[in-house]
Amino acid sequence: MKPTHVAVFSAKPYDQAYLTEMADERVSLCFYEMALNSMTAALAKNAEVVSAFVNDDISAETLKTLADNGTRLIALRCAGVNQVDLTAADKLGITVVNVPAYSPYAVAEHTIALMLALSRKIPRAYNRVRDGNFSLDGLLGFDFFGKTAGIIGGGKIGLLVAKRLRAFGCQVLIYEPHNTAPAKQAGFDVVTLNGLLGQSDIISLHCPLNDATHHIINAASLRLTKPGVMLINTSRGALLDTVAVLDALKALHIGYLGIDVYEQEGSLFFEDHSTDIIQDDIFQRLLTLPNVLVTGHQAYFTREALQHIAQTTLQNIDDFMTGKTLLNRVEIR
């Protein structure tokens, strides 16, 4: 039987290693380190399956090129689907599948790591000690015990973060507009968004990006938050209106910002720009602030997560090619 030709875009060396390790003779993997977009889509000629990642541009134009060249399945190696024009895919007869939950523990643990690093000023302390400076001036932190933490999004990752914060002794509030049962069953208070914003010392975002959540943190919502609030985003960059967040940082209203995602990350993240002059002035300004900690879409990046992503992606492809039920099919909403 002829193997299925799979074109894998945004394939970094670690993606290639895990997919190759878990693949069998039923698939033929062709790796491209460049992102998928309307220009690079032609590289997938005769590929029945295209595998893409979170910052690929899977627009109607890209999909048209793929469909014309024989692609029938988009196998996303991520949970987010906002980068895909699902309506266009449906019209072109292209099925879309994703990896809905690769390692929620990885993201939850990274979220907590950002919180702790910011609250105890770990990056600054690390650099000081390396320079032989053991002064504690400027390193004053705060206890998590007794603080109120607000989780925007009561899905699996949000609840894992909530449980870890509860273990620290935080009162945890959850805003979840759809399925509130898991949060309530876990014993958390489910509140309105405005209620969460007004009461929380720490706010962490764990919701999908869609029309309802785009810029859910903006100038108006930030005015409802406590002065000195800690804001954490390990979900999707466009949940934050970055300009409004920067203004609130400059006004000393936001006390701490930790982000693993960025609204305009597509041209920055997953690449080495250490010898470049980064042209994004807003991002550059964020990096100058001592109370801001940025990581480059690293929250998911554990061995366990990469194994699960590869395994689920290959299973999705096999299920499609053998006509089985697609458990991870992405439907138009």
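Scope of the values below: all heavy atoms of this structure, side chains included, with no hydrogens, waters or symmetry mates.
- Between R77 and T313, the side chains place no donor N or O within less than 3.5 Å of an acceptor N or O (distance only, hydrogens not considered).
- Transitive grouping of hydrophobic side chains (ILVMFWY, heavy atoms separated by less than 4.5 Å) brings V172 and F142 into a common cluster.
- Under the 4.5 Å side-chain heavy-atom criterion for Ile, Leu, Val, Met, Phe, Trp and Tyr, L224 and L196 are members of the same hydrophobic cluster.
- Not a single donor-acceptor pair under 3.5 Å links the side chain of S200 to the backbone N or O of L197.
- Remark: the Q315 side chain and the D319 side chain contain an N/O donor-acceptor pair separated by less than 3.5 Å.
- No more than 12 heavy atoms of other residues, nucleotides or ligands lie within 6.0 Å of OH in Y105, so this atom counts as exposed by the packing criterion.
- For D24 (side chain) and R26 (main-chain N/O), a donor-acceptor pair under 3.5 Å exists by modelled atom type.
- Under the side-chain contact (heavy atoms from CB on, under 4.5 Å) test applied with I174, the options L159, I152, V191 reduce to a single match, L159.
- Y262 and F269 have tilted rings, their planes meeting at an angle from 30° to 60° on a 0 to 90° scale.
- Looking only at atom types and distance, the side chain of H110 has a donor-acceptor partner in the side chain of T295 under 3.5 Å away.
- N82 places no side-chain N or O within 3.5 Å of a backbone atom of N210 that could act as its donor or acceptor partner.
- With hydrogens and angles disregarded, no donor-acceptor distance shorter than 3.5 Å links the side chain of Q307 to the backbone of M22.
- Within the 3.5 Å criterion, the main-chain N or O of A44 finds no donor-acceptor partner in the side chain of H5.
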Task: side chain to side chain contact (heavy atoms under 4.5 Å, CB included) between L193 and I216, intermediate numbers included - done: CA-CA 10 Å; L193 178 59; I216 192 171; 3.9 Å; yes
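- Between the side chains of T87 and D90, no donor-acceptor pair is found at a separation under 3.5 Å.
- Taking both residues in full, the closest heavy atoms of A23 and L29 are given as CB-CD1, 3.8 Å, listed atom of the first, atom of the second, then distance.
- Note: H297 and Y300 have perpendicular aromatic rings, judged against thresholds of 30 and 60 degrees for the angle between ring planes.
- For the pair R166 and F188, the cation-pi criterion (under 6.0 Å, within 45° of the ring axis) is fulfilled.
- One N or O on the side chain of N133 and one on the backbone of S135 form a donor-acceptor pair closer than 3.5 Å.
- Under the 3.5 Å distance criterion, the side-chain polar atoms of S235 are matched with a main-chain donor or acceptor of C207.
- Remark: of the listed residues I157, L173, L165, L165 is the sole one forming a side-chain contact (heavy atoms from CB on, under 4.5 Å) with I151.
- The closest side-chain donor-acceptor pair between S274 and D272 falls under 3.5 angstrom.
- What you find for S38 and T62 is that their closest heavy atoms are N-OG1, 3.0 Å.
- Atoms CG and CG, on N98 and N316 in that order, are 7.5 Å from each other to the nearest 0.5 Å.
- By the 6.0 Å contact criterion, CD1 on I332 is enclosed, its count of non-hydrogen atoms from other residues, nucleotides or ligands being greater than 12.
- A continuous path of ILVMFWY side-chain contacts below 4.5 Å connects L289 to I254, so both sit in one hydrophobic cluster.
- Hydrophobic clustering (ILVMFWY, side-chain heavy atoms < 4.5 Å, transitive): L19 and I309 are in distinct clusters.
- Residues V50 and V8 do not share a hydrophobic cluster, defined by chaining ILVMFWY side chains whose heavy atoms lie under 4.5 Å apart.
- Judged by distance alone, the side chain of R164 and the main-chain N or O of L160 form a donor-acceptor pair under 3.5 Å.
- Counting heavy atoms of neighbouring residues, nucleotides and ligands inside a 6.0 Å radius, atom NZ of K226 exceeds 12 of them.
- For D276 (side chain) and I278 (main-chain N/O), no donor-acceptor pair under 3.5 Å exists by modelled atom type.
- Distance alone, capped at 3.5 Å, is enough to place a donor-acceptor pair between the N37 side chain and the M39 backbone.
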Task: side chain to side chain contact (heavy atoms under 4.5 Å, CB included) evaluation trace for R236 with T213 - done: CA-CA 10 Å; R236 300 308 297 271; T213 61; over 6 Å; no
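- Checking E263 against T242 by side-chain atom types alone, a donor-acceptor pair falls below 3.5 Å.
- The neighbour count for E61 CD, taken as heavy atoms of other residues, nucleotides or ligands under 6.0 Å away, does not exceed 12.
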TODO: Given side chain to side chain contact (heavy atoms under 4.5 Å, CB included), test K12 with F270 step by step and report yes or no.
DONE: CA-CA 8 Å; K12 302 304 179 189; F270 303 108; 4.0 Å; yes
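- The closest side-chain donor-acceptor pair between D68 and T65, if any, does not fall under 3.5 angstrom.
- No more than 12 heavy atoms of other residues, nucleotides or ligands shown are found within 6.0 angstrom of CG on D281.
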- [ ] With side chain to side chain contact (heavy atoms under 4.5 Å, CB included) as the test, would you mind laying out the steps for I74 and L66 before giving the verdict?
- [x] CA-CA 9 Å; I74 301 291; L66 293 176; 3.7 Å; yes
